[in-house]
Structure formats: C-alpha cells, structure tokens
2 protein chains.
Amino acid sequence: MIVAPGPAATAHVPASERIYLALRQEIMRCEIAPGATLDATSIARRYEVSKTPVRDAMQKLAADGLVTILPRSGYHVAPITFQAVHDILDMRAAIGPHAARQAARYATPAEVTLLRRIVREYDAPLDIGTMQQVARRFHIAIARCSRNRRIVALSENLFDELERLLRFAIDFTVKTGEHSDEHTALVDAIEAGDGERAAAIETAHIRSSREFLIERLMTLGYLSENEIQIGSASRSAGE
Amino acid sequence: MIVAPGPAATAHVPASERIYLALRQEIMRCEIAPGATLDATSIARRYEVSKTPVRDAMQKLAADGLVTILPRSGYHVAPITFQAVHDILDMRAAIGPHAARQAARYATPAEVTLLRRIVREYDAPLDIGTMQQVARRFHIAIARCSRNRRIVALSENLFDELERLLRFAIDFTVKTGEHSDEHTALVDAIEAGDGERAAAIETAHIRSSREFLIERLMTLGYLSENEIQIGSASRSAGE
DNA sequence: TTTCTACATCTGATGTATCAAAATTGCAAT
DNA sequence: ATTGCAATTTTGATACATCAGATGTAGAAA
C-alpha cells in the first residue's frame, strides 16, 4: 500500500480560487480602493477567464465580508467605516480572552513551546507591519489551542480585515519594541493552566491595543468626530 | 415620490437567493440528511433553473458552514459531529457574556422594554421548540444592543446551526417552564448598566444551558464516547 | 478462485459563450 | 429645472463544452 509514484499531489489550480485569492489580496492591500465598484466583466478579461468563476470569487469575498453584493446592481468592496473598525476590535475583545482561557485548559507542552518561540520574535526591533504579522501568528496559535475551529477561523478573518482597515491609518515604518513581557506573562498563565489569569491578561492586552489603534486613528485625522468613512456612502446595509 | 403603480414593490425573487433559502431550510430541518451529497444538476432540475444559481447558493451555504465543497468532487452537507456542537456552544460562551456586557453600556430604554416583553413570553408553559425560538429572539435582541453588527450576525448563525445540530437529539414535545428569573435578572443588570453582572449572569446561563444540552445528548445515546458522528466520515477537514 | 492492477466509462463539477432583464445614465422635451 | 424616455451598461441566467475524479470491468498474477 505504498502510495504510488504520485506525480505530486494534484496541483489543482481551481481558477475561481485563483481569482478569489488574487482579488482578496488586492482588496486587503487596498490596491483596490474601499468602496470601489467591481466590474465582473473587466475582471474576467483581466484574468483571462469567463464571468462564472468571477461570480464564485465574488460570493466567497462576500462571505468574508470584503465585498457587498447589491442584487442587480453591483459588487462593491466594503467601505472602511468607524463602525467596522469598532466591530472588529470589539469582536476581538469577545473572542481573545475566551480563547486564552480555553488555551489554558487544552494547550499541550508542544504548543506552549511554539508560543514561546513566537514570543521570542518580539525581542528584535520590528516595524509595525511585521509586528502585526507576529501578533497575528501569536494570537492564532492561541486560538488553535482553544480546540475550537470556529474560533481559529474567526480570528484569522478578524486579523485579515483589521489589517486592511488599518492600512490607511498606520505608518508602517514606525519602530516599536515592547509587549514582550505581556505576551510572556500570557504564555506563562496558559502553561500554568490558569485560565482566568490568561483571560484577564488578554483582556488588558486587547484593551490597550484597541486604545493604541483608536488613538492613532484619531491622531492621524481619521475618526474626526465619531465617523470615519472611506469609500462610498455605506448604503445602510439593509436589514 | 409615489412609487408608481408598482406590480408590488419589485418583488425581487433573485433566483439564486430562492434556492439558497430553500436549501438552507431543508438542511436546517434535516430534511436533507447531514453528510448527504448534493447533486447540483438534480437540484437545478428540481427548482427548474440552471446550474449557475445553484452554484451561487452552494457558495453561500458553504459560507454559512452548512455545506463543504470538495473541489472537483462534490457538495456535502456538513455532518453533525461532537466537535461542531462543542464549537458552537463554546462560541456562544465567548460571545454571549461580551454581548451582555456591551448591552449594559448601550441599551436604550426602548430596547430594555423589548427585552422585558420577550422575557414575559417565558411565563406560559412552552415546549422546547418554541422555547428555543424565544431564547433565540432574546439573545439576538441582546446582541443588537451590543451595537456590533458582527455579533448580531454571528449570533443568528450560531442559533441557526445549533437548532439543526440538536434536531436529532431533542424531543421537542417535552414541556419545561423555567429560566424566567435568570432572564429577568439579566435584563435588570443591563438596565442598571452593570456590565460585569450582566456578563456573569450570561456566563452562568450559557454554562447551564450547555450542560443541559450535553447531558441530554449523552442520555439519548449520542456522544457515547466522546464522538458523535451523524453523516459521512468527516474527512479530517485538512489543514 | 481470489486479488490486485490497469484500463475504460461515467458522473458531476468547472468553465465558456451567449442571451435576457434590469438599472443606471444621459439626453431631450416640456 | 425637472421629468420622462431611450440607450448603454452590467448583472443574472441558460445552454453547451470540458475536464478531473470516482466507479466499474476485465485481465493478469498469486
């Protein structure tokens, strides 16, 4: 029962997936402006395919919340609103502490080792961009420890979207070096199996992170009053 | 101004939406068995449309997590696994208390009134089915108070899926009459603006709800060991 | 006879080209 | 300036073609 001479494991390039990934990346990097209208036909031309896979891609993007589909009208990439930023940060505040608490219950020694390895990456001075990447991996690793696939998927989604929303607001060249202690303490709590302490640390961490980001947005002129609106007037998204 | 003689206000029946809703309902009511394979062609015949809207519907269902798409292979309705039940209940444990806490911050008097009206429905003796409906409306009303659209959407999704997962396990004719106090206390805390108390009550509530459901599942013979598996062998979902 | 492998077939998803319907846009007329 | 109509644009749907994977059959080896 050796597995044959396998010509590599089916290197499928499911076309619609290609377009989905490509568009997703462009949207996330804001190479396609928030609020912009997407024309299925021209996209189909650009990627040299028909419109059907484009439709599939649009559906997937809509599922991610990256585009909204107005029936018989058009595909719009989600605008950046204060509401959206708030929702995401608030959602992290709901998920993060819970994930930390569950991680304290379920994390294996191997997983704790992985967490420590990630934390160590904070030692080097990092720009905000890569720091966010590290933070992303760290928190998603914790999410995995929670033994809840939904939480993992949701966490990934939140980080992705947050990255996009902040791309407008953050100067990615800024250097920072910090947080290492906080993260170490969190891993310690997880290793000790102290769920409440882990949750508390994560709560504080997310709160400070949230305040940092909000303040930064306000400093940079977004969030002037209590409304940021980059992109089309958000059609009240209906029911 | 006046909306024309309108043949009814554009009773848009966006075909793909029709099929999506129809299939969704069938899947949720387990009229289509968990783990079953869906044939796009026959579905297209059944609803007298082409395959394209069926594909769109499948994408949406996949986004809801109700079907999994194996590329070039088939559409399968999600099997019922212990993991799935666990994930959903755990997710509620993460979201619920946070929503309650935020509701305590943001709820308007009108919203509190609405919540009290819903709680009052518990006074009459209800079977489990309608009780779940009431519980659903109650918790979603709270989610709305949190001012976080994601939390609202996620809550709705969780309740929907939970309903499906439990349809196998619950005897919907059982009568129960309870919980009214717990819910009243929760609304009181929200009205008083006491977020921590609201969150604590919700935590306890979800915990007892969870235990009730798990115990019920075990009593009924599901969850024999620590695995329930209705439907196809869950292809280990990769990655 | 049994089993394993190689081949052929068949099913069903994926993609293309085309068409129809609806909405937005621009123009013209009042 | 506003309203109504027509033309363009773009989505939504259909029918058809293609292609990968699953299934079934037959033949060879044990």
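Just so you know, these numbers come straight off a predicted model, no measurement behind them. All chains are named by letter (A, B, ...) in the order of the sequence lines, taking the proteins before the strands, and each is independently numbered beginning at 1.
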Task: Distance, rounded to the nearest Å, where B:Tyr47 contributes OH and D:dA13 contributes C1' - done: 18 Å
Open item on the list: Which residues pass the salt bridge (charged side-chain N to carboxylate O under 4.0 Å, His left out) test with A:Lys60, not counting sequence neighbours?
Closed with: A:Glu17
Open item on the list: Please give me the minimum heavy-atom distance between A:Thr108 and A:Arg147, naming the atom from each residue.
Closed with: CG2-NH2, 3.6 Å
- [ ] Any chance you could lay out the salt bridge (charged side-chain N to carboxylate O under 4.0 Å, His left out) test for A:Glu161 and B:Arg150, step after step, and finish with the verdict?
- [x] CA-CA 13 Å; A:Glu161 289 207 50; B:Arg150 277 170 187 269; 2.8 Å; yes
TODO: Enter the distance from B:His139:NE2 to B:Arg144:CZ here, rounded to the nearest 0.5 Å.
DONE: 14.0 Å
- [ ] Pull out every residue in residues 20-27 of chain A that has a heavy atom closer than 4.0 Å to any atom of DNA chain C, ordered by number, or say none.
- [x] none
Task: For A:Arg105, all residues meeting side chain to side chain donor-acceptor pair (under 3.5 Å), sequence neighbours excluded - done: none
Taking N or O atoms only and anything under 3.5 Å, show me the protein contacts with nucleotides 9-12 of chain C, one pair per line.
none

Open item on the list: Testing the basics here: between A:Gly96 and A:Ile206, what is the closest heavy-atom pair and its distance to 0.1 Å?
Closed with: CA-CD1, 4.0 Å
Open item on the list: Suppose we screen for side chain to side chain donor-acceptor pair (under 3.5 Å). Which residues come up paired with A:Arg136, at least two apart in sequence or across chains?
Closed with: A:Asp160
TODO: Only counting residues at least two apart or in another chain, list the ones meeting side chain to side chain contact (heavy atoms under 4.5 Å, CB included) with B:Thr37.
DONE: B:His76
TODO: Could you state the atom-to-atom distance from CZ of B:Arg18 to P of D:dG12 in whole Å?
DONE: 15 Å
TODO: Report the distance from atom CG of A:Leu70 to atom C1' of D:dG12, rounded to the nearest whole Å.
DONE: 14 Å
Task: Whole angstrom value for the distance that separates P of D:dA13 from CD of B:Glu17 - done: 10 Å
- [ ] Send over the distance from A:Arg45 CZ to C:dT16 C1', rounded to a whole Å.
- [x] 16 Å
Open item on the list: Let me test you: for the helix from C:dT1-D:dA30 to C:dT30-D:dA1, what is the angle between the axes at its two ends (five pairs each), rounded to 10 degrees?
Closed with: 10°
- [ ] Output all residues satisfying ring pair (Phe, Tyr, Trp, His ring centres under 6.0 Å) with B:Tyr20, sequence neighbours left out; order by chain, then residue number.
- [x] none
Open item on the list: Holding to salt bridge (charged side-chain N to carboxylate O under 4.0 Å, His left out), I want the full list of residues that pass it with B:Glu26, two or more places apart in sequence or in another chain.
Closed with: B:Arg46
TODO: To the nearest Å, give me how far apart NE2 (A:His76) and P (C:dA23) are.
DONE: 13 Å
Task: NZ/NE/NH1/NH2 to OD/OE distance under 4.0 Å, B:Arg137 and B:Glu156 - done: no
Task: Nearest-nucleotide comparison on DNA chain C, the residue closer to the 5′ end among B:Thr37 and A:Glu48 - done: B:Thr37
Task: Partner set under salt bridge (charged side-chain N to carboxylate O under 4.0 Å, His left out) for A:Arg101, not counting sequence neighbours - done: A:Glu196
Task: Sorted by number, the residues of residues 50-67 of chain A with heavy-atom contact under 4.0 Å to DNA chain D - done: A:Lys51, A:Arg55
Return a table of donor-acceptor pairs under 3.5 angstrom between the side chains of residues 88-95 of chain A and protein atoms on other chains or two or more places apart.
from, atom 1, to, atom 2, distance (Å)
A:Asp90, OD1, B:His98, NE2, 2.7
A:Asp90, OD1, B:Gln102, NE2, 2.8
A:Asp90, OD2, B:His98, NE2, 3.3
A:Asp90, OD2, B:Asn148, ND2, 2.9

